[in-house]
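Since the structure comes first, as structure tokens, the remarks are kept for the end.
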Amino acid sequence: QVHLVESGGGLVQAGGSLRLSCRASGRTYDMAWFRQAPGKERESVAAVQWNGAYTIYTDSVKGRFAISRDNAQNTLYLQMNSLKPEDTAVYYCAASLGTTYYGGAYLLEPGVYGYWGQGTQVTVSS
């Protein structure tokens with residue numbers, strides 16, 4: 001069992017930046033960030049392969065967000081720049097139970113992940 005704890009959310013003005021962190025209680029494999037805005041379905045944001053060699057982003061955040069991980073610290077990060085009001089959501093960290101050792105778009109599918117954090121709120125004001 002792996003526990004995930006997100007931090008770093010908050011209130012920021014449009015155009016600003018935030019860095020989210022997700023600390024895992026143990027070793028993790030593939031990991032990802034998802035988000036859910038009020039009244040909307042959960043959507044993928046970004047994912048990273050177990051060794052950090054492959055990353056993938058949803059189109060709406062490409063060029064603005066960067067996902068990274070520090071396996072020595074069991075920590076996942078999401079650097080968010082040029083934030084927009086439409087980025088407002090609860091952001092969730094997720095970790096898979098294993099890995100195929102191959103990168104691909106499947107990493108953005110929520111069904112890949114068996115462990116989820118409790119979420120951290122990001123609010124972007126206009």
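Below, all heavy atoms of this structure are taken into account, side chains as well, without hydrogens, waters or symmetry copies. What you see is a predicted model; the values in this text were computed from it and never measured.
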Legend entry - Spatial distance of atom OH (Tyr57) from atom OG (Ser44) [nearest 0.5 Å]: 12.5 Å
Legend entry - Distance in Å, Arg23 CZ paired with Tyr77 OH, rounded so as to fall on 0.5 Å steps: 8.0 Å
Inset, instruction - Give, for atom CG of Asp30 and atom OG1 of Thr99, the distance between the pair rounded to the nearest 0.5 Å. - result: 3.5 Å
Legend entry - Heavy-atom donor-acceptor pair, Glu6 side chain to Thr120 backbone, under 3.5 Å: no
Legend entry - Pairwise distance CZ(Arg35) to CZ(Phe65) - rounded to 0.5 angstrom: 5.5 Å
Legend entry - Separation of Thr28 OG1 from Leu97 CG (nearest 0.5 Å): 11.5 Å
Legend entry - Side chains of Asp70 and Thr75, donor plus acceptor under 3.5 Å: no
Inset, instruction - Output yes when Asp59 and Lys62 qualify as a salt bridge under the 4.0 Å nitrogen-oxygen rule, no when they do not. - result: yes
Inset, instruction - Kindly indicate, with the supporting measurements, whether the criterion side-chain contact (heavy atoms from CB on, under 4.5 Å) is fulfilled by Trp50 and Ser96. - result: CA-CA 9 Å; Trp50 66 279; Ser96 65; over 6 Å; no
Inset, instruction - Ignoring hydrogens and angles, tell me if any N or O in the side chain of Tyr113 forms a donor-acceptor pair with the backbone of Leu107 under 3.5 Å. - result: yes
Inset, instruction - Evaluate side-chain contact (heavy atoms from CB on, under 4.5 Å) for Val122 paired with Asp87, printing each intermediate quantity in order. - result: CA-CA 8 Å; Val122 171; Asp87 294 317; 5.5 Å; no
Inset, instruction - Can you measure from CG (Leu83) to CD (Gln13) and round to the nearest 0.5 angstrom? - result: 11.5 Å
